[in-house]
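Small disclaimer: the values here were computed from a predicted structure and weren't measured. Just so you know, residue 1 is the first one in the sequence shown, and it goes up from there.
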Amino acid sequence: MPNATTRPKRTRRHRRAQREDAVRNELVSRSLESAQQCLFSQDYGTAFVHYLLALNLAPALKDFANVSLFFFFFQCFLDVVICLPDQSVYCNSLWWLNDVSKVEKASEPYCKASKCVFLCLQESFRFTLFRWADELDSLGRIQDLFNCYEQAMELFPVDEVIVNSMGEHLFRMGFRDEAAGHFYKALKLRPDFPEAKENFYRVANWLVERWHFLMLNDHGRNHKYQLAIKKAVEEGCSSVLDIGTGTGILGMCAKMAGAAEVYACELSKTMYELACEVLSANGMADSIKIVHLKSLDMKIPKDIPNRVSLVVTETVDAGLFGEGIIETLIHAWKHLLLPPPSTHQPLSSPSQTGRVIPAGATVFGVAVQCREIRRHHRLCASSVGGLDLSAVGQIYSPVSCLADTEDSTEPYTTERLSRLRGGYIQLTHPFTALDIDFNNLQELEGLCSREVMQLRLCVTQEGVLDALAVWFQLHLDQDNHLSTGPQEDTCWEQAIYPIQSPFNTVKCGDEILVEVSCKDSYLRLCCAAIIRDGHTFHMDNVTPKILTASPEAELCSALAGLQTSQEKPCAFMLESAEIALLNNTAYHNSFQRAMSKLLVSLKSTRRSDTELDPIYVLDVSEGFSVLSLIAAQLGSDSSEDKQISPGLVQAYSSVEKEHHQTMLRLLAKGNGVLESTLEFWLSHVEDDSAVLQRPATEKLWSAIILDCIETCGLIRQKMLEKATLARCLLEDGGQIFPERIVIHGMLVESDTLLRESAVQGTEPTLGFNIAPFINQFTVPVHVFLDLSTLECTHLSEAVELFALDLMNSTSNYTDREVKVRVNTSGKVTAIAFWYQIHLDSEQSVSTFSEDSHWKQAAVVLQQPLTVSRGEWVKLSIQLHKSSISITAVKEEGLGADDVIREAEPMTSDS
């Protein structure tokens, strides 16, 4: 038996290991040297491969387990850093390594050194990965891009920056579920990582739409569904399928009611996983089978063993059919449900027949006048900023039911009528548009083939016909009904069918001819004609023009148009937000005055004895914009004071859509602007991502127009970065529009914002534990608000929260504290905010005005802050890139409420 204490001879193995280490070290050294050369020549793909080789061969590069390896690789890496295109980020991290010899004498400096080199290597690897990924993305090599990120995350599995970047690529390519997982992981790795937090909020809006919170907080809706399900189960419906289960609440109602078998299906991966967590938390994971499928793809017995006796669903939208409930129920009756009760055997057992909850629906509508709807779907202004808009003919939104509209149009949009600025006026009595029986397969199948039904609505109130507003009543069973009407306290919005015909003024005694049909699984309501004094005027055949105030004059003009011409006038489609922007005359007129002032100033500072160079103006607004054309017109117009020379301005627009460019050309021609003075900037730029460039090699811009505020009410992402670059491209005396943005806000109490923000405990969800799971997707910043109609109490006056100077970065700050005096006792649930946009020192517009096309926003506190009149609340505002975070603390008094309530960052894609 060998001596257990005898050590085996290892001399030869040790020598072999030394030789292997030397070869490996030499290979790693050469790989790092090659990486440096590739980075220097901007060959990021090859550099990435060399980094992969070095890091896989030498894990010590990541952890530096021993001193000798540390110094060897440190020297190799230092050689790489010296030749990097951007050395500052790495060299600044090495400032303390002036005397490297000291590192060998103390463990603490060694640990610092190894950590620093690791961070430098990590930064260099990230830099290479991100540049190479951008190249792969531009080349369309998507699979290669994802492969690179997977390799990177194998090497650095806890690198939150790489994980977050992978999520950004996934999100841009439409993989929202996968992107959310990466953003969530990045936040777990570093909870204070602002980029990951903003990205997670952005994707959360896609994955868990905000109406989930409203519906789950609607106790009345939930309770009525519970009663209908309980009644059906007690009558003998023992097997239940919940289609589009969401959080699983209806399926759990069925199980609680005593159903023997309960199944559920959910297409969204995020909602499916959330529902699984909810079922487990409520002890029903083993008694409810949930499948990650669309119900149309379910098969028996693969997904469920047998046909069920009850289907429960709420796959309806504000227009009833928009989520495909007709197709869903036709498939369910044919493949998943037991047959309905036979007329020959009306007393059949419910366990042997099938039924649907809801059993049916009735659709109602009314014709309305509403200025807010009108200015989002029809051009109301005849001119803006000195431009005559008539040259482009009719402008309409992509929401239309007319027979000859494009396939891209939508039949309706949605609004909560009770929260529209200015309210609405009913022009007719409410009418019944449709009845549908969801338990009648023949009726469901024949819905889309029904003949168009015509209704005649008698006008009871003179006004402007702006839209048909539609809602419905869901008949869950004979006893339980849900209404989505505008007067109801409901989580539902109403469907809005805007009227885009220029002939739209009606008076008492007129009749509105409405056509009702179902096409492509959408309910369509179309105002086909107006009948007045026995004459029928078809809405889609009237020549577009700016209307007069007299209904009789409009009628005569429309009739003349019908008699003299059968040709269709030119018409252009703009998004509803773009139409609202074009209708914002105050904004465009203010810009015209500010630009005119700048042009006069620039001309006065230039030498008059030489030929003047053009004044270069660049508009980089998002979407459609006429600001560049306003500038060009100012340069083309020979004004009375002769302060601005004709042809002085050379304007560039960054619009890229062809029909947008066509509209600007028509407007230019119609307003006497020389074609040569307005150009489209993207045709001059090789890289669309680098729009901000010099107008010419040795020229600078005189004015750059930035689109700083999103329509939703938030600062646009990377706005400050764009402003920084724009300042570098301005000539002396040039200007950025706007030059300054001031954020105003106030303390508000609003139960509505709370209900739209998160599920409020278990009471609204019938005692089921749902809130902790869905509230993971809470987005604390609420956008698209109209503070003039929001149900809330103002607890303070408006105050200035923050200011951003786009012309002078030294005037900006990164954080600010503001004390706000409480003038009404209550609970601070949110901080509402909006902007004053200063185009120059004299001209400014507010995003909280009657004509504003911008909405407002609010930061909802995680917990309300109880305050009394006369107390002070301190708001701490911090700026990170283009997003703002706010914390609130009560200044006076001590107690349970005297704690900081964190308000999460405001981001433009929330």
Side-chain angles (χ1 to χ4, degrees), residues 319-320 362-371 373-374 377-378 380 394 396 399-405 411-413 415 417 423-435 450-473 485-487 494-519 522-545 547-564 566:
L320 187 60
T362 302
V363 179
F364 303 95
V366 67
V368 298
Q369 171 180 300
C370 179
R371 179 180 178 275
I373 294 174
R374 183 190 316 149
H377 297 280
R378 193 164 67 244
C380 306
Q394 185 178 350
Y396 60 95
V399 184
S400 176
C401 272
L402 295 178
D404 57 351
T405 52
Y412 55 83
T413 184
E415 297 284 357
L417 285 175
Y424 67 98
I425 298 173
Q426 292 189 5
L427 302 180
T428 67
H429 292 301
F431 61 91
T432 300
L434 183 76
D435 277 299
R450 282 187 188 180
E451 291 186 2
V452 175
M453 180 175 65
Q454 290 191 339
L455 302 174
R456 287 194 174 200
L457 311 180
C458 183
V459 175
T460 58
Q461 171 70 49
E462 181 175 337
V464 178
L465 177 58
D466 291 315
L468 296 175
V470 169
W471 64 95
F472 58 85
Q473 187 175 59
Q487 305 303 326
Q494 290 76 50
I496 304 297
Y497 296 79
I499 308 301
Q500 303 197 16
S501 170
F503 175 57
N504 47 34
T505 302
V506 295
K507 62 181 183 179
C508 293
D510 289 350
E511 287 185 307
I512 303 171
L513 187 63
V514 175
E515 294 180 346
V516 181
S517 62
C518 184
K519 179 184 175 184
Y522 280 105
L523 179 64
R524 299 175 181 269
L525 276 75
C526 175
C527 281
I530 293 177
I531 303 172
R532 179 179 298 172
D533 299 330
H535 299 284
T536 301
F537 302 96
H538 294 280
M539 304 289 283
D540 56 348
N541 287 331
V542 181
T543 303
K545 66 178 187 65
L547 301 182
T548 63
S550 167
E552 288 73 22
E554 290 175 15
L555 182 62
C556 294
S557 178
L559 184 59
L562 284 173
Q563 292 173 343
T564 58
Q566 297 298 320

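The CG atom of L457 lies 7.5 Å from the SG atom of C527; values are rounded to the nearest 0.5 Å. In this structure, the separation between CD1 on I496 and SG on C370 is 7.5 Å, given to the nearest 0.5 Å. One distance of note links SG of C458 with CD1 of I512; it measures 9.0 Å at 0.5 Å rounding. How far CE of M539 is from CD of Q500: 10.5 Å, rounded to the nearest 0.5 Å. Atom CD1 of I373 sits about 9.0 Å away from atom OG1 of T413, to the nearest 0.5 Å. A distance of 4.0 Å separates CZ in R532 from CG in D510, rounded to the nearest 0.5 Å.
Between the side chain of E515 and the backbone N or O of V452, no donor-acceptor pair lies under 3.5 Å. Under a 3.5 Å cut-off, the side chain of R378 and the backbone N or O of Y396 do not form any donor-acceptor pair.
Each of T428, L427, V368, L525 was scored for a side chain to side chain contact (heavy atoms under 4.5 Å, CB included) with L468, with one residue passing: L525. No option in V363, T362, L455 other than T362 meets the side chain to side chain contact (heavy atoms under 4.5 Å, CB included) test with T432.
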- Task: Decide side chain to side chain contact (heavy atoms under 4.5 Å, CB included) for V464 and R374; before the verdict, give the C-alpha distance in whole Å, the side-chain angles of both, and the deciding distance to 0.1 Å.
- Result: CA-CA 9 Å; V464 178; R374 183 190 316 149; 3.8 Å; yes
- [ ] Start with the C-alpha distance between V459 and K507, add both sets of side-chain angles, then the distance that settles side chain to side chain contact (heavy atoms under 4.5 Å, CB included), and finish with yes or no.
- [x] CA-CA 7 Å; V459 175; K507 62 181 183 179; 5.9 Å; no
**Report entry** ring pair (Phe, Tyr, Trp, His ring centres under 6.0 Å) between F364 and F431, worked out
**Finding:** CA-CA 6 Å; F364 303 95; F431 61 91; 8.9 Å; no
Show your working on salt bridge (charged side-chain N to carboxylate O under 4.0 Å, His left out) between D466 and R371 and close with a plain yes or no. CA-CA 8 Å; D466 291 315; R371 179 180 178 275; over 6 Å; no
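Listed by chain and number, the residues in a side-chain hydrogen bond (donor to acceptor under 3.5 Å, both in side chains) with Q473 amount to none (sequence neighbours excluded). Partners of Q487 by side-chain hydrogen bond (donor to acceptor under 3.5 Å, both in side chains), not counting sequence neighbours, listed by chain and number: Y424. Taking the side-chain hydrogen bond (donor to acceptor under 3.5 Å, both in side chains) definition, one finds that Y412 meets it with D317, sequence neighbours left out.
Considering only heavy atoms from C-beta on, V470 comes within 4.5 Å of Y497 through its side chain. In this structure, V514 and Q454 have side chains that are not in contact, with every pair of non-hydrogen atoms separated by 4.5 Å or more. Taking the side chain as every heavy atom from C-beta outward, H429 and V366 never approach each other to under 4.5 Å. With a 4.5 Å cut-off on side-chain heavy atoms, Q369 and L465 do not count as touching. In this structure the side chain of R450 never reaches within 4.5 angstrom of the side chain of V516, judged on heavy atoms. The side-chain heavy atoms of I530 and L513, taken from C-beta on, include no pair separated by under 4.5 Å. For the pair E462 and V506, the minimum side-chain heavy-atom distance is 4.5 Å or more. S517 is not listed as a side-chain neighbour of M453, based on a closest heavy-atom distance of 4.5 Å or more.
For the residue pair A529 and T536, the shortest heavy atom distance occurs at CB-CG2, 3.6 Å. Across every non-hydrogen atom of A467 and P498, the tightest pair is CB-CA, 3.9 Å. Closest non-hydrogen pair, H377 versus V399, comes out as CE1-CG2, 3.9 Å.
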